[in-house]
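Have a look at the structure below, then the notes.
Both backbone and side-chain heavy atoms feed into the values below; hydrogens, waters and symmetry mates do not. Please read all numbers here as calculations on a predicted model, not as lab measurements.
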Amino acid sequence: ELQARQCTLKLALAERLVDGLADENERWTGTVADLKDLGVKLIGNCLLASAFVGYISPFSSRLRKSLSDTWSKDLIAKGLPMTANVDALKVLATDADIAGWQNEGLPADRVSTENAS
C-alpha cells in the first residue's frame, strides 16, 4: 500500500513535469518563429534606425516624425522587409537603456531620448 502511494505520487509528479514541458515547447516554438520573422525584418529596421541616427538629430519632433514616416513608406515601397510601424527608438534602445539614462539625469521628453540613442 505504501509503495502504491509512492508510485502514484511519482506518477502525478511526472505528469506535471510533462505538462510543464509541453507548455515550454509551445512557448519556445512561438519564440523561434518570432525571432525568425525579426531576423528577416532586421534589414529594414536597421536601415531606418541608421538613417534616423545619421540625419534626424538637428530637426524638431514634428519634422523627425514626418521624415521617419516618409522613410518607412519608401523602404516598404522598395520592397525591403521591416516591422510594421517600427519605431527607430525601439530599434536603437531598450526600455532599460532609456530608464538608465533618465536615472542619470536625461530629461524624459522624446527628443532628448532620441538624441541619447
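- Partners of D34 under the salt bridge (charged side-chain N to carboxylate O under 4.0 Å, His left out) rule, at least two apart in sequence or in another chain, do not exist in this structure.
- By the 4.5 Å side-chain criterion applied to Ile, Leu, Val, Met, Phe, Trp and Tyr, I98 is assigned to a cluster that also includes L89, W101, L106.
- Under 4.0 Å is where a charged nitrogen must lie from a carboxylate oxygen, and between D87 and K65 no such pair does.
- The salt bridge (charged side-chain N to carboxylate O under 4.0 Å, His left out) contacts involving residues 41-57 comprise D37-K41, where partners must be two or more places apart or lie in separate chains.
- Applying the under-4.5 Å side-chain rule to Ile, Leu, Val, Met, Phe, Trp and Tyr, the cluster around L75 extends to I43, L47, L48, F52, V53, Y55, I56, F59, L63, L67, W71, I76, L80, M82, V86, V91, L92.
- Listed by chain and residue number, nothing satisfies the salt bridge (charged side-chain N to carboxylate O under 4.0 Å, His left out) test with D97 (two or more places apart in sequence, or in another chain).
- Evaluation of the salt bridge (charged side-chain N to carboxylate O under 4.0 Å, His left out) test over residues 7-33, restricted to residues two or more places apart or in two chains, returns E24-R27.
- Under the side-chain contact (heavy atoms from CB on, under 4.5 Å) criterion, N115 pairs with S57, R64, V111, not counting sequence neighbours.
- Think of L42 as one node in a network of Ile, Leu, Val, Met, Phe, Trp and Tyr side chains linked at under 4.5 Å; it has no links at all.
- When all heavy atoms of S117 and A93 are compared, the pair lying nearest together is CB-CB, 4.4 Å.
- Here L17 contributes atom CG and L21 contributes atom CG; the two are 4.5 Å apart, rounded to the nearest 0.5 Å.
- Annotation for L9: hydrophobic cluster partners, listed by chain and number, are L13 (ILVMFWY side-chain heavy atoms under 4.5 Å, direct or chained).
- In this structure, T29 has no side chain to side chain donor-acceptor pair (under 3.5 Å) partners at least two apart in sequence or on a different chain.
- Proximity of a side-chain donor or acceptor of S66 to a complementary backbone N or O of R62 within less than 3.5 Å is not detected.
- Using a 4.5 Å heavy-atom threshold, the side chains of Q6 and L2 count as touching.
- Evaluation of the side chain to side chain donor-acceptor pair (under 3.5 Å) rule for D95 yields K90 as partners, not counting sequence neighbours.
- The pair D69-K73 does not count as a salt bridge, with every side-chain nitrogen at least 4.0 angstrom from each carboxylate oxygen.
- Evaluation of the side chain to side chain donor-acceptor pair (under 3.5 Å) rule for S112 yields D109 as partners, not counting sequence neighbours.
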